[in-house]
Amino acid sequence: MYLIDTTTYLPHRFSKGDIPSYAILSHVWSDHEQKSRQSRFAKGQDGRKRGGPLARAMGLVRHPPSPKLKGACKKAREDGFRWLWTDTDCIDTSNSAELSEAINSMFVWYRDAAMCYAYLHDVPSGEDPHRPQSSFRRSRWFKRTWTLQELIAPASIIFLSTNWQPIGAKRNLADLIESITGIDRLVLTHKRPLEDISIACRMSWAASREARREEDRAYSLMGIFGVHLSTIYGEGNHAFVRLQEEILKHTSDQSIFAWG
């Protein structure tokens, strides 16, 4: 697992038994981030990635830290965190094995984070999130597939506005978030385990969410259902079929058949 040093922006790789306390960022990728997602890990003049995990990690910092990374690191430092995980800077998406491992570990990484910062780039500071037509209610963050598990898995989430000012904590906004997402506030606050919720109900949480790639509609739900899949980008809707088959291996809940 790679983590970013919030002071130097240098990435470090940690083994499972040595992972320190860390904060984690949840956000919606911009078009620029999506286009440059494979450029974070440096390549040599021959176009090949430099050898070894350390060399590849050091390659990350050849690219200046983005404003978003700087903002997240600043907030984490202010809250006493030396280490931060963010998907735009801690995953080599050009390495299929590493990408698959990261996608399968994502729910656990968000669950185990000491703090999650949910950065809502389209929500201004000073606005009342409870207002009927608030930017908070309409934020794209609530419409993306990947942010579903990023909302549920962490025990502690601080929602941040476009200029990194606190909007509120998940535990204090649970009633409002339930009205936006349909997710039981007891699930949001970890007072009711996911396993108590039917398969069909959990599927419904993701029904109206959007993904850039069709396969992500399935891959983003693995943690919600406690299953693992190999990631095969290009398989299209078959990823969702494989997800359902894997879920059936671990449950007797027949409500899954109510979900086409």
Side-chain angles (χ1 to χ4, degrees), residues 23-34 66-69 71-72 74-76 78-79 86-88 106-107 110-111 113 115-194 196-214 216-221 223-225 259:
I24 200 164
L25 179 67
S26 174
H27 66 112
V28 174
W29 286 50
S30 67
D31 290 338
H32 173 73
E33 287 168 330
Q34 188 69 24
S66 67
K68 187 182 289 185
L69 179 61
K74 180 175 184 292
K75 177 59 178 172
E78 291 172 350
D79 291 345
T86 169
D87 54 1
T88 49
M106 204 83 72
F107 188 92
Y110 276 90
R111 183 197 66 194
M115 175 59 69
C116 176
Y117 299 117
Y119 176 64
L120 278 52
H121 73 284
D122 50 1
V123 177
S125 298
E127 183 181 79
D128 179 4
H130 293 87
R131 193 166 54 83
Q133 296 299 319
S134 69
S135 298
F136 183 83
R137 289 179 182 271
R138 295 182 285 110
S139 175
R140 285 185 64 206
W141 191 87
F142 290 110
K143 297 177 174 65
R144 305 300 294 176
T145 55
W146 285 109
T147 54
L148 175 60
Q149 67 175 1
E150 296 164 15
L151 171 63
I152 292 173
S156 299
I157 299 180
I158 296 293
F159 289 92
L160 301 170
S161 68
T162 187
N163 61 349
W164 299 96
Q165 295 303 304
I167 298 170
K170 177 171 72 166
R171 65 178 179 275
N172 297 328
L173 296 170
D175 288 352
L176 173 58
I177 296 170
E178 179 180 2
S179 71
I180 297 170
T181 64
I183 303 170
D184 187 337
R185 64 181 71 95
L186 296 179
V187 172
L188 294 170
T189 54
H190 291 197
K191 294 178 181 178
R192 184 180 182 188
L194 271 174
D196 281 2
I197 309 299
S198 73
I199 300 297
C201 183
R202 280 181 271 174
M203 286 285 188
S204 73
W205 297 339
S208 61
R209 290 178 177 252
E210 303 166 352
R212 289 181 182 267
R213 303 190 66 167
E214 188 174 5
D216 285 338
R217 295 182 183 278
Y219 300 159
S220 62
L221 295 178
I224 299 294
F225 295 104
W259 202 259

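Side-chain atoms are counted along with the backbone in the values below, which use heavy atoms only and exclude waters and symmetry mates. Every value quoted in this text rests on a predicted model; they were computed, and no experiment measured them.
Using a 4.5 Å heavy-atom cutoff, the side chains of P166 and K75 are in contact. Within the 4.5 Å cutoff, no side-chain heavy atoms of E127 are placed close to those of I167. In this structure, the side chains of L221 and L148 come closer than 4.5 Å at one or more pairs of heavy atoms. Taking 4.5 Å as the limit, some side-chain heavy atom of R144 sits within range of a side-chain heavy atom of R212. Under the 4.5 Å side-chain criterion, counting only non-hydrogen atoms from C-beta, Y117 is in contact with D79.
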Quiz item: Given R137 and L176, is the side chain to side chain contact (heavy atoms under 4.5 Å, CB included) satisfied, shown in steps?
Solution: CA-CA 8 Å; R137 289 179 182 271; L176 173 58; 3.4 Å; yes

Quiz prompt | Worked check of side chain to side chain contact (heavy atoms under 4.5 Å, CB included) between Y119 and T86 | solution = CA-CA 11 Å; Y119 176 64; T86 169; over 6 Å; no

Self-check item: Test side chain to side chain contact (heavy atoms under 4.5 Å, CB included) applied to L173 and H130, step by step
Solution: CA-CA 9 Å; L173 296 170; H130 293 87; 3.8 Å; yes

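Looking at T147 and R209, their side chains do bring a donor and an acceptor atom within 3.5 Å of each other. Side-chain atoms of E150 and S26 include a donor-acceptor pair closer than 3.5 Å.
Within 6.0 Å of atom CZ in R171, 12 or fewer heavy atoms from other residues, nucleotides or ligands are found, so the atom counts as exposed in its surroundings.
To the nearest 0.5 Å, atom OG1 of residue T162 and atom CG of residue L120 are 9.5 Å apart. In this structure, CZ in R185 is found 9.0 Å from OG in S179, a value given to the nearest 0.5 Å. The structure places CZ of R192 at 14.0 Å from NE2 of H190, a figure rounded to the nearest 0.5 Å. Taken from CG in D184 to CH2 in W205, the straight-line distance is 7.5 Å, to the nearest 0.5 Å. If you take CD1 on I157 and CD1 on I177, they are separated by 7.0 Å, rounding to the nearest 0.5 Å. Taking OG from S156 and CD1 from I24, the interatomic distance works out to 12.5 Å, rounded to the nearest 0.5 Å.
Put simply, the side chain of R202 never gets that close to the backbone of F225: no donor and acceptor are under 3.5 Å apart. When atom types are taken as modelled, the side chain of H121 and the backbone of S161 share no donor-acceptor pair closer than 3.5 angstrom. Between the side chain of K170 and the backbone N or O of L151, at least one donor-acceptor pair lies under 3.5 Å. At distances below 3.5 Å, not a single donor-acceptor pair connects side-chain atoms of D216 with backbone N or O atoms of W146. Side-chain atoms of R138 come within 3.5 Å of backbone N or O of Q133 as a donor-acceptor pair.
For V28 against K68, the heavy-atom pair with the smallest separation is O-NZ, 3.2 Å. For the residue pair A174 and L188, the shortest heavy atom distance occurs at O-CD1, 3.8 Å. Across all their heavy atoms, W164 and A72 have their closest contact at CH2-N, 3.5 Å.
Taking the six-membered ring for Trp and thresholds of 30 and 60 degrees, W29 and H27 have nearly parallel ring planes, at less than 30 degrees apart. Ring planes of F142 and F136: perpendicular class, angle over 60° (limits at 30 and 60°).
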